[in-house]
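Remarks on the structure that follows.
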Protein chains: 2
Amino acid sequence: MTTPHPQARGLNLAQAAGLIDALRAALGPTAVLAGADAPVRNHNDCSGLPPAPPLAVVRPADTAGVATTLRLCSQHGVAVVPQGGLTGLCGAARTAGGEIALSLERLVGIEEIDAAAATMTVRAGTPLEAVQQAASEAGFFCPLDLGARGSCSIGGNLATNAGGNRVIRYGMAREMVLGLEVVLPDGTVITSLNKMIKNNAGFDLKHLFIGSEGTLGVITRVVLRLSPKPASTQVALCAVHSYADVLTLLASARQHLGPQLSAFEVMWPEFWRFANTHAPRARNPFADDPTAYGAHVLVEALGTDEAQDAERFQAWLGQLLEDGVVPNAALAQSLADAKAFWALRDASGEFHPLWPGHLAYDVGLPVARMEDYVIRCRAALAEAYPGIDSFFYGHIGDGNLHIIAHLPGAPQQPKDGVNAIVYGLVREFGGTVSAEHGIGTLKREWLGHARSPEEIGLMRLLKNAIDPQGLLNPGKVL
Amino acid sequence: MTTPHPQARGLNLAQAAGLIDALRAALGPTAVLAGADAPVRNHNDCSGLPPAPPLAVVRPADTAGVATTLRLCSQHGVAVVPQGGLTGLCGAARTAGGEIALSLERLVGIEEIDAAAATMTVRAGTPLEAVQQAASEAGFFCPLDLGARGSCSIGGNLATNAGGNRVIRYGMAREMVLGLEVVLPDGTVITSLNKMIKNNAGFDLKHLFIGSEGTLGVITRVVLRLSPKPASTQVALCAVHSYADVLTLLASARQHLGPQLSAFEVMWPEFWRFANTHAPRARNPFADDPTAYGAHVLVEALGTDEAQDAERFQAWLGQLLEDGVVPNAALAQSLADAKAFWALRDASGEFHPLWPGHLAYDVGLPVARMEDYVIRCRAALAEAYPGIDSFFYGHIGDGNLHIIAHLPGAPQQPKDGVNAIVYGLVREFGGTVSAEHGIGTLKREWLGHARSPEEIGLMRLLKNAIDPQGLLNPGKVL
């Protein structure tokens, strides 16, 4: 037995010890790691904020254990921070110090794959990659995918409503969910493991919890809708002169590739130059000077018949070349080509090793206004911080723009000033401060740049109704 | 000036007159039709319940007018029933007598079509057909479609989360919504007209209101996500021996047609016989005895290239015939064929003229268990009501089964008894009492057959938080 951490909010040591004892009595001693026994990994997520130790890490093995944990914490008035794979970028799973960290890491495993319904029932702590593999082994496809797939958990993916590269075709994580089991702050278990695509019996409760970043309830089990396995992949890199041509290309891709269009990734010139210089395994398929075009676009389509799909994709691209919309294009002729093209887009992974303190943004903007935003943002950053590097790229078909900023040689990056420029323009353009990473603690002060006082007021009303003590993931989102 | 209707709940005539006067002063006299001036059409929806006159019909022309109406009703403590096209089947838009009917009929028109974002911003009272036409004229497709398209309103479609025939491909109505403007019971306007596919800034508020049947807020404006226009349609009718073969056919359609699969409609033998006898314009493409098969399935695919898609569809169907999964199939060779095939499925429209008092159900079931349900339900109905006709058909790919029951010669159909059999088995099979029509008042007593006490408790908690006076659409859903 170790002593509980003394930072417990507003609790004296005796009270904290009382909660720890109660948790141990209910869940067994191995499920409760208090004080110095709390693993260091549970002190933080991937937000880059300083670590902070929880009062204890509690690791229930089932839904009943999660409910017991929440009920006891509620009775003792101690705050709880739900934790999945701890890969979140905005601090939603980080303890502020002194809370109970409720880790879902033991709540793992696929409970059922229903082939007729094309659904999977899975426990929340299961890593995304295990979900993908199980779907694949059963002859299905789980389209949700992101870089952290090996360590992020499906519950965490849903708590943040994860996005990724294929949202244009398959939607955000929430669109893959048919049913959910959630434990409320007082320990009430809401088991809503619906497997039907159509169910209009009363309010839709699942969408309230998906994307609420663990502030309204703790997701314990999920019913996912599985997709058929794609049988073909077509990838092309297109060089275009202007953003107007990007939009023409997007409209054409939507029309001609239809529901097969699975990625539409735009890279502005600074990013394209960076990718060609720094991306390992990438190769520029164009002989041109990398500054010769206004933008480069990676287009991907997932189909059902390799021969027919390849023919159709090629004919579509040929027409665009002939029409002059796309002055230069390269079609992947092999899996190796496709990987090399994606490696250019995935050069975004090289910013961190090169400039560990760089500033990264995940904004959303109306598609039609994105180029104006990039021009204004680039100019404002250059004016405020001469010599600053800025890079723009993203999932433009979904309205999602990523921005990287880095001021070479600065002992500390001008975070507050760049935030104000990036998010100030987002507000002006009617965009969002988070397209896919969430709000957590890092973007909390900017939420009002994307949502109105009335919207935030309604969020608070819902939070207060479901968590009147304010004990579940306090200080996050709102 | 006419006298307000005396049924105003708990109000005396002077109080009711005070509210009417306040509404007239704020909105203008033509926006408020009280007492005998209230149009008869606003006394009911399509639920088949007896009509009941409202205290007054209020018809604001904009969001501010809706907000004013709700604020004044809240201040006077008078209940409000939101009304769209009045085509709902479960009584959600019907006044119980004495409430204010808040009609959205003047809040019409398309505000914007954003071609780059592929979105439409539209006012809630706009008929669905006008939305479909405007999308089409702008080169897009609005996939939401149902029989009442000419008179139902888009706001009503979202309030009930409408389904329809193409859910298997495009999802329910909620999946076509990117943004929403809603007025809360106290008159607060929540303008959340997001146009971005990815927006993770705080809780998702829109899904709480979509499908809540006007009990949490009044939808005033909507941002819809538009789809590309399909360029080809393939339709086939397949006769199969068993439900196991229906499931094999469904799995094969999902895999080979991929995202083009747009309808998978199954007709059990009683329905097939009825359709062949009663559907006008339908023709049975099979020479066989209509009782020779276990089920008939209409499969539709919407594609992007007529020639290629037809070839692929035909090859797929040919393989299924060769494999013996589908012993008999007919491929539509023309638009006329396709219409004739659909006319068999749409024979469901003939029940009403033939047997006006027939009992109709809209349940959902896990796909794998549907045949067992049909066998049990058919037998239980026949045992309880010898001679009863029962018909089973539906959107099986979505888990949605429609049931029609009719006892020939009965002076009154045995509604309570049939309800108990149909919904009792739904509970036993883990299904839902409403796949697409909603709960309204008609299915309120059966909600507990599809949702747990904890789920219903959470719905009540949300209702009380947002509408503490209980004045918005009281007695509906919960």
Side-chain angles (χ1 to χ4, degrees), chain A residues 114 116-118 160-161 163 167 172 175 188-192 195-205 207-208 211-212 228 247 254-256 258-260 303-305 308 312 364 366-368 398-400 432-439 447 450-452 454-455 458-459 461-462 465 477, chain B residues 114 116-118 160-161 163 167 172 175 188-192 195-205 207-208 211-212 228 247 254-256 258-260 303-305 308 312 364 366-368 398-400 432-439 447 450-452 454-455 458-459 461-462 465 477:
Chain A
D114 180 335
T160 49
N161 186 29
V167 171
M172 300 290 280
E175 292 175 68
T188 303
V189 180
I190 307 287
T191 301
S192 203
K195 294 205 284 188
M196 293 163 289
I197 293 174
K198 298 168 92 164
N199 187 347
N200 274 348
F203 305 167
D204 191 301
L205 299 173
H207 286 304
L208 189 59
S212 69
L247 292 184
R254 282 181 178 139
Q255 185 59 47
H256 289 87
Q260 301 197 341
T304 53
D305 180 305
Q308 273 205 346
R312 194 185 297 193
V367 178
D398 316 323
N400 184 188
T432 178
V433 297
S434 175
E436 56 185 4
H437 297 163
I439 297 297
L447 184 62
R451 307 297 293 260
S452 68
E454 292 78 13
E455 288 176 284
L458 179 55
M459 291 179 206
L461 182 81
L462 295 169
V477 184
Chain B
D114 180 335
T160 49
N161 186 31
V167 172
M172 299 292 279
E175 292 176 66
T188 303
V189 179
I190 308 286
T191 301
S192 203
K195 293 205 285 189
M196 294 163 289
I197 293 174
K198 297 168 93 162
N199 189 347
N200 273 349
F203 305 167
D204 191 300
L205 299 173
H207 285 305
L208 189 58
S212 69
L247 292 185
R254 282 182 178 139
Q255 184 60 46
H256 289 88
Q260 300 197 343
T304 53
D305 181 304
Q308 275 205 346
R312 194 184 296 192
V367 178
D398 315 323
N400 184 187
T432 178
V433 297
S434 175
E436 57 185 3
H437 298 165
I439 298 296
L447 183 62
R451 308 296 294 262
S452 68
E454 292 78 13
E455 289 177 283
L458 180 54
M459 292 180 205
L461 181 83
L462 295 169
V477 183

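So that the names make sense, note that chain A is the first sequence line, chain B the second, and so on, each numbered from 1. Keep in mind that what you see is a predicted model, and the values were worked out from it rather than measured.
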Response to the item:
All heavy atoms of B/Ser434 vs all of B/Gly438, minimum pair found to be OG-N, 2.7 Å
Response to the item:
Taken to the nearest 0.5 Å, the spacing of B/His207 NE2 from A/Leu205 CG works out to 13.0 Å
Worksheet entry | Proximal component of B/Ala450, with respect to chain A [non-hydrogen, under 4.5 Å] | side chain
Discussion item. Can you list everything that forms a salt bridge (Lys or Arg N to Asp or Glu O under 4.0 Å) with B/Arg312? Sequence neighbours excluded, please.
Written reply: A/Asp309
Worksheet item: Any idea which of A/Val167, A/Leu208, A/Thr188 has the most non-hydrogen atom pairs under 4.5 angstrom with chain B?
Response: A/Val167
Fill in: Atom of A/Pro259, atom of B/Thr304 and distance for their closest heavy-atom approach
CD-CG2, 4.4 Å
Response to the item:
Taking every heavy atom of A/Ala435 against every heavy atom of A/Asn400, the minimum-distance pair comes out as CB-ND2, 3.2 Å
Fill in: Region of B/Ser212 that comes under 4.5 Å of a non-hydrogen atom in chain A
both
Worksheet entry | Residue selection (most heavy-atom pairs with chain B, distance under 4.5 Å) from A/Gly364, A/Gly163, A/Gly258, A/Gly303 | A/Gly364
Practice prompt. Check step by step if side chain to side chain contact (heavy atoms under 4.5 Å, CB included) holds for A/Glu454 and B/Thr191.
Written response: CA-CA 8 Å; A/Glu454 292 78 13; B/Thr191 301; over 6 Å; no
Worksheet, complete the sentence: One option among A/Leu247, A/Leu462, A/Val433 has the most heavy-atom pairs under 4.5 Å with chain B, and it is A/Leu462
Discussion item. Between A/Arg254, A/His256, A/Glu175, A/Lys195, who has the most heavy-atom pairs with chain B when the cutoff is under 4.5 Å?
Written reply: A/Arg254
Worksheet entry | Partner chain A: residue of B/Val367, B/Asn199, B/Val189 with the largest heavy-atom pair count (under 4.5 Å) | B/Asn199
Discussion item. Please identify, among A/Met196, A/Gln260, A/Gln255, the residue contributing the most non-hydrogen atom pairs under 4.5 Å to chain B.
Written reply: A/Met196
Discussion item. Less than 4.5 Å to any heavy atom of chain A: does that hold for the side chain of B/Ile439, its backbone, both, or neither?
Written reply: both
Worksheet item: Using non-hydrogen atoms only, which part of B/Met172 is less than 4.5 Å away from chain A: side chain, backbone, both, or neither?
Response: side chain
Worksheet entry | Best-contacting candidate, B/Ala118, B/Gly211, B/Ser452, B/Gly202, against chain A by heavy atom pairs under 4.5 angstrom | B/Gly202
Worksheet item: Top residue by heavy-atom pair count (under 4.5 Å) with chain A, among B/Asp114, B/Asn161, B/Val477?
Response: B/Asn161
Practice prompt. Using the test salt bridge (Lys or Arg N to Asp or Glu O under 4.0 Å), find all partners of B/Glu455 that sit at least two apart in sequence or belong to another chain.
Written response: B/Arg451
Worksheet item: Less than 4.5 Å apart, any side-chain heavy atom of B/Asn200 and any of A/His437?
Response: no
